[in-house]
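Inspection log for the structure reproduced underneath, given as structure tokens.
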Protein chains: 2
Amino acid sequence: MATGRDVAQLAGTSTAVVSYVFNNGPRNVSDETRAKVLAAAEKLNYRPNALARALSFGRTASVGLIVPDIANPFFGELARALEDAAIARGDLLLIGDSALDEDREAQIIAAFVERRVDSVVMVSIREHPDFSAFTQAGIPVVALHPVDRGSAASSVTIDYEAAARAAAEHLVSHGYDSIALLNGPYDSVGAGQHRRGFRAAVERADAPIRTSEVNSATSRADAAARALDWLARPDRPRAVTCATDEQAYGVLHAAHRLGLRVPQDLAVMGFDGTGHSAYAVPALSTVRQPIPRIAERAVGLLAEARGDPVHDVLGYELELRESCGCGAGMSYAAPAAPPA
Amino acid sequence: MATGRDVAQLAGTSTAVVSYVFNNGPRNVSDETRAKVLAAAEKLNYRPNALARALSFGRTASVGLIVPDIANPFFGELARALEDAAIARGDLLLIGDSALDEDREAQIIAAFVERRVDSVVMVSIREHPDFSAFTQAGIPVVALHPVDRGSAASSVTIDYEAAARAAAEHLVSHGYDSIALLNGPYDSVGAGQHRRGFRAAVERADAPIRTSEVNSATSRADAAARALDWLARPDRPRAVTCATDEQAYGVLHAAHRLGLRVPQDLAVMGFDGTGHSAYAVPALSTVRQPIPRIAERAVGLLAEARGDPVHDVLGYELELRESCGCGAGMSYAAPAAPPA
DNA sequence: CTGAAAGCGCTTACAG
DNA sequence: CTGAAAGCGCTTACAG
């Protein structure tokens, strides 16, 4: 490929001027010279080498994203929103899929550090993610889940406990006498938040409610397998609230296979609220995370990112549709973000 | 961050030796010196700068992927499979989501060229994709859809027409007297292939079949909107075969809203066959594309990639489940790949 | 087996 | 307004 030197030669000028033209600075270039450079570049089909540029300039104009499972539509939507936000700032988003594998996650982290991404947005699969590779390299990180106190990473999340509680409270308000929580793996941090929210909701109910918790991986396959077994039992719950939409889809599928009607025999609530949830059979009631705002805020924090980590909590929204027992779709007002 | 010079200084040697150690060549290094270098690197937390390496070495060890819609699970699975294949070769996969937008696609192409990815896997949203930016830069491309004759890009696909025909033939074999094709946008290349396959199937049926074609965008939202209207009419078809699973999900949703039972009132076939299709309500019969093999073949072609473009056609598989009227899930043998 | 030096393709003070 | 030159952090012939 043609280099800046080739262009400079053909235009009868220096590489410095070629650079000034392509970067609109930092020095002025006469209109005449600029025209010659652009013509030469056009003719040679010149494309500046971003590697050389980054090496010299000290910025790669790229932000890395690490997600646990790119086949999960929630992360797909998230990647889309982050790409929008990054491109709006002139950056490229590099997406790494850790495929729910810790070694793979570590590989991607190493690759991002070696490629000197300017910043990183991360959804780790580890309970206590190690951000040290990034911090040692001076690369700011924002996690899209709660982080340990004292961690160097910022975070942008919703209040999962409050949201889980809101979801469960809604099922309580329907008057269901037995409600189960289909949670993630028992010991995970996220599972603790969903559990606390769930308990707070059912404990405050007027009539006593029979409750239980079942755990599955965050996949429709695993959730369906569990539910097929669990919902076949005579003491199955009247309603289920799930820690993710993925698990809710598994429950919907299992209910269908078992001949249970949703919501007449079993009410179901999801959690995440991607666009797909509106097209489930039946339409899935869920807690919607504000993906576009999460993405904008994350990229914004990284752009500023100086000094102490910031922990932002954004509002969520209850999206009530058919699966919980509500009729036509209705969307309840978003709770305001709690004070930071 | 520490550089190779810092490491060399601390180890009392030269940057050349640091390079030899970290690359295991091309020169030998004595065990003693190697140990010193590794100790120094460890102490300084040295991470080689991949930009500098690539600039000097001439390879970035990265392959770019451009997909139309990362929120579509088919492309999510594809990205996952390609990442597996790339990492197995020591490369990083960079994922760009064109978000069904031609300008965005062009931006990503430019970004990949500037970053000098070694090769590109592409699913373009354009009818006649322009690969010239890549070919001018000497970057080999494989498209995962048919490409124009004379194009510089290789391709890895299934035989869409034959697969569409197999899907429709299966519905014919159920004896349905009216079958519709829910196709993509009418004028697209892909739509032509689905249309020809569909027609070949219904024309060879023993009894006459009432047929029709409806078009929607490749999204559950648009497919559902169309289907809600269309399937409410008295002349609605007995069975629908769709150009993508996404559209089939929209049909399943619309059928549910209209009170139509699947498959008793309406049989449905999808096309793509991601993992999610098995968990639809009801489980979706579909044509499964061999994603892992597509990914391996694509990365393999790119690694070899010398000379003329190659056009590979892989086999597909009919995945018969509940939605078409088949009982328990059964998977029919994969047709062999036609001769190249 | 090891070191000094050129080169990859940019950017940017430094002179003019 | 423009050019010659140093430097970003690597790799790799070239000498020894």
Side-chain angles (χ1 to χ4, degrees), chain A residues 1-38 40-41 44-62 110-111 113-118 137-139, chain B residues 1-38 40-41 44-62 110-111 113-118 137-139:
Chain A
M1 281 198 68
T3 70
R5 243 165 74 98
D6 300 329
V7 175
Q9 261 169 10
L10 183 59
T13 181
S14 70
T15 61
V17 171
V18 173
S19 169
Y20 301 151
V21 169
F22 272 81
N23 295 304
N24 284 315
R27 295 270 170 279
N28 274 329
V29 176
S30 69
D31 287 348
E32 189 187 4
T33 310
R34 171 183 307 272
K36 276 195 233 162
V37 167
L38 290 174
L44 297 175
N45 220 283
Y46 173 61
R47 307 281 168 223
N49 182 323
L51 303 171
R53 180 172 210 287
L55 186 60
S56 170
F57 192 64
R59 271 194 86 236
T60 54
S62 58
V113 170
E114 285 170 4
R115 279 171 176 70
R116 302 292 192 271
V117 296
D118 297 324
I139 299 172
Chain B
M1 280 198 69
T3 69
R5 242 164 74 97
D6 300 329
V7 174
Q9 261 168 10
L10 183 58
T13 182
S14 69
T15 61
V17 171
V18 173
S19 169
Y20 300 152
V21 169
F22 271 81
N23 295 304
N24 284 315
R27 295 271 169 281
N28 273 330
V29 177
S30 70
D31 289 349
E32 190 188 3
T33 310
R34 171 183 307 273
K36 276 195 233 163
V37 167
L38 290 175
L44 296 175
N45 222 284
Y46 172 62
R47 307 278 169 226
N49 182 324
L51 303 172
R53 183 175 207 286
L55 186 59
S56 171
F57 191 62
R59 272 193 85 237
T60 53
S62 57
V113 170
E114 285 169 6
R115 280 171 176 73
R116 301 292 193 270
V117 295
D118 296 323
I139 299 173

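Convention: sequence-line order gives letters A, B, ...; per-chain numbering from 1.
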Can you measure from [atom1] ([X]) to [atom2] ([Y]) and round to the nearest 0.5 angstrom?
X: A:K36; Y: A:R34; atom1: NZ; atom2: CZ; answer: 13.5 Å
X: B:T3; Y: B:Q9; atom1: OG1; atom2: CD; answer: 8.0 Å
X: A:N49; Y: A:S56; atom1: CG; atom2: OG; answer: 11.5 Å

Original post:
Quick one: how far along DNA chain C does chain B reach, first to last nucleotide 5' to 3', anything under 4.0 Å to a heavy atom?
Top reply: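 First-to-last contact on DNA chain C, by the 4.0 Å heavy-atom rule, is C:dC1 to C:dG9.
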Original post:
Mind checking who D:dG3 pairs with, Watson-Crick or G-U wobble, both distances under 3.5 Å?
Top reply: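 Because both required distances fall under 3.5 Å, D:dG3 counts as paired with C:dC14.
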Subject >> Heavy-atom check, side chain of A:L10 versus side chain of A:L44, under 4.5 Å >> reply: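 SC-SC contact between A:L10 and A:L44 confirmed.
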Original post:
Would B:R53 count as a cation-pi partner of B:F57, with NZ or CZ less than 6.0 Å from the six-membered ring centre and within 45° of the ring normal?
Top reply: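 Judged by the rule (NZ or CZ under 6.0 Å from the ring centre, within 45° of its axis), B:R53 counts as positioned above B:F57.
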Report which part of the nucleic acid [X] touches: base, sugar-phosphate, or nothing (heavy-atom distance under 4.0 Å, all strands).
X: B:S19; result: base
X: A:N28; result: base
X: A:Y46; result: sugar-phosphate
X: A:V18; result: nothing

Subject >> Residue whose nearest DNA chain C nucleotide is more 5′ - B:R116 or B:R27 >> reply: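 Upstream on the strand: B:R27.
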Original post:
If you find the nucleotide of DNA chain C closest to B:L55 and the one closest to A:N23, which residue's nucleotide is nearer the 5' end?
Top reply: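 Result of the comparison: B:L55.
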Original post:
Backbone N or O of B:T60 within a donor-acceptor pair of the A:R115 side chain at under 3.5 Å?
Top reply: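 It does hold such a pair.
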